[in-house]
Amino acid sequence: MAVRPGSAPPAATPPMRKRWFLGLVVTLALYLGLSIWFGFADVVRSLGALPWWCWLLVPALVATGYLLLFQRWQFYLRQLGHPLAWRPSSRIYVAGLALVAAPGRSGEALRGLWLQRRHGIPMQVGVGVTLAERVADLAGALLVLAWGLGGRILPALAAGGATLGLGAWLLTHPAALRRLEAFLDRLPAHRRWHGLTRLLREALGAMGRLRRLLRPWPLLVGTALAALVWLIEASALMGLLQLQGDPLALTQAAVIRTAMALGGVLSFLPAGVGTAEATAIGLAVAFGVDRPTALAVTLVLRVCTVLLPTAVGLVVLGRHRDGGEAMAA
């Protein structure tokens, strides 16, 4: 459906509000329960020990990371032959942050729909870029994790990364895509299959775009930027712990930050709620941090890396009619 310029943005639909509200309630309940378990007064004391400027500096560092990731988004679009001016592109990118809490950040693929509706760019392009972003994020996290562990598990991570790369290469190989397309052509031409067939064809097109972004140069650029962002967030974590009187090396903070993210992704839960916290707190305690401090620092990091980006994304999303309609769907 065409979008009329200047049309009034719709309010969030009831299903959207319900999902966000339930997610917030579950998260608050989780942190409240952990605070009571670890000692509510101790957790509050740890939070109160942080200077006020931490609540400005940490979001600023996270925002710097997203600026770098936006440059990666722009780079990927140029690589696929669909350059877009930074202003309209940034609106789409920032609106996608409203879906950063989706399992595996898969909801950000909706940017492909917005690219199609607003600028006539095939949806396969945006979905392919999102898939490439997730591959680069994973590769960057594995590199930083291996560096943080001092290379002790480097062979295992290298083998896992090579297996992942080989699987992605085989899945996006033109011959494999042609076989899958031929299979779709043989499906019965029934109305009930039409929607599924169309969706699968779009997915095949996105896989073809992904293959172009898995070439050495785009993959190197995307992975390097992802690794840099992981290190920026690890530096923020290290600073928070130092202010709490629990200094850790950057390598240790990098292990906590990347393992926290990987644990959340592998859980397939929204924002990795529960598993990300358990991973971060468990590793911090293993490195000698007391539990109330570990919980307080994890809370600050989660607010700055999940809650605030989601809130900013929702504000931008609410200003675009097609964004609200897509989310409602």
Side-chain angles (χ1 to χ4, degrees), residues 1-3 5 9 16 65-140 168 171-172 174 177 180-181 195-215 217-219 221-223 225-226 229 265 309-310 312-329:
M1 182 178 64
V3 181
M16 290 164 56
Y66 275 113
L67 285 174
L68 293 173
L69 295 181
F70 171 64
Q71 293 305 315
R72 183 179 65 179
W73 159 268
Q74 290 287 79
F75 171 75
Y76 281 164
L77 288 178
R78 290 195 300 270
Q79 287 291 307
L80 295 179
H82 295 279
L84 195 61
W86 74 268
R87 190 181 298 274
S89 184
S90 64
R91 293 194 187 103
I92 290 176
Y93 185 83
V94 175
L97 297 182
L99 304 161
V100 76
R105 297 183 62 171
S106 56
E108 293 179 64
L110 267 178
R111 291 181 180 133
L113 179 61
W114 300 331
L115 284 173
Q116 182 185 56
R117 288 185 171 183
R118 300 178 194 175
H119 305 287
I121 297 175
M123 186 167 63
Q124 303 167 356
V125 172
V127 176
V129 167
T130 300
L131 292 174
E133 287 177 325
R134 299 293 78 81
V135 171
D137 288 344
L138 178 58
L171 188 61
T172 60
L177 295 179
L180 291 172
E181 190 170 1
L196 177 60
T197 302
R198 180 181 176 185
L199 178 63
L200 291 176
R201 289 189 184 280
E202 291 289 343
L204 288 180
M207 297 304 289
R209 300 311 202 280
L210 172 62
R211 179 178 175 81
R212 294 173 59 182
L213 296 176
L214 291 181
R215 292 178 298 181
W217 175 242
L219 182 60
V221 172
T223 301
L225 287 173
V229 172
V265 168
T310 300
V312 173
L314 288 173
V315 171
V316 176
L317 181 67
R319 299 177 61 185
H320 298 280
R321 183 176 180 83
D322 58 335
E325 290 171 349
M327 288 286 287

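By the 4.5 Å heavy-atom criterion applied to side chains, E133 and R72 are counted as neighbours. Using a 4.5 Å heavy-atom cutoff, the side chains of W217 and V221 are in contact. The shortest distance between side-chain heavy atoms of L84 and Y93 does not fall below 4.5 Å. Contact annotation: the side chain of L115 never approaches that of M123 to less than 4.5 Å [non-hydrogen atoms, C-beta and beyond]. Proximity of H119 to H82: side-chain heavy atoms (C-beta onward) are nowhere separated by under 4.5 Å. Side-chain contact check for S89 versus Q74: some heavy-atom pair is nearer than 4.5 Å.
The two residues R78 and P83 have their closest heavy-atom pair at CG-CB, 3.9 Å. Across L225 and L68, no two heavy atoms sit closer than the pair CD1-O, 4.0 Å. Here the closest non-hydrogen pair linking A226 and A136 is CB-O, 3.5 Å. Closest approach of R91 to V316, counting heavy atoms only: O-CG1, 3.6 Å. Taking every heavy atom of both residues into account, L317 and A98 meet most closely at CD2-CB, 4.0 Å. The minimum heavy-atom distance between L213 and V129, with the atom names listed, is CD1-CA, 3.9 Å.
Separation of atoms CG (L80) and CG (L210) is listed at 9.5 Å; rounding is to 0.5 Å. Here the CD1 atom belonging to I92 is positioned 7.0 Å from the CD1 atom belonging to I121, to the nearest 0.5 angstrom. Between the OG1 atom in T223 and the CG atom in L138 there is a gap of 9.0 Å [rounded to 0.5 Å]. From R117, atom CZ reaches atom CG of L110 across 9.0 Å, with rounding to the nearest 0.5 Å.
Not one N or O on the side chain of R134 forms a donor-acceptor pair closer than 3.5 Å with the backbone of L131.
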V265 and D137: CA distance, side-chain angles, deciding distance, side-chain contact (heavy atoms from CB on, under 4.5 Å) verdict: CA-CA 11 Å; V265 168; D137 288 344; over 6 Å; no
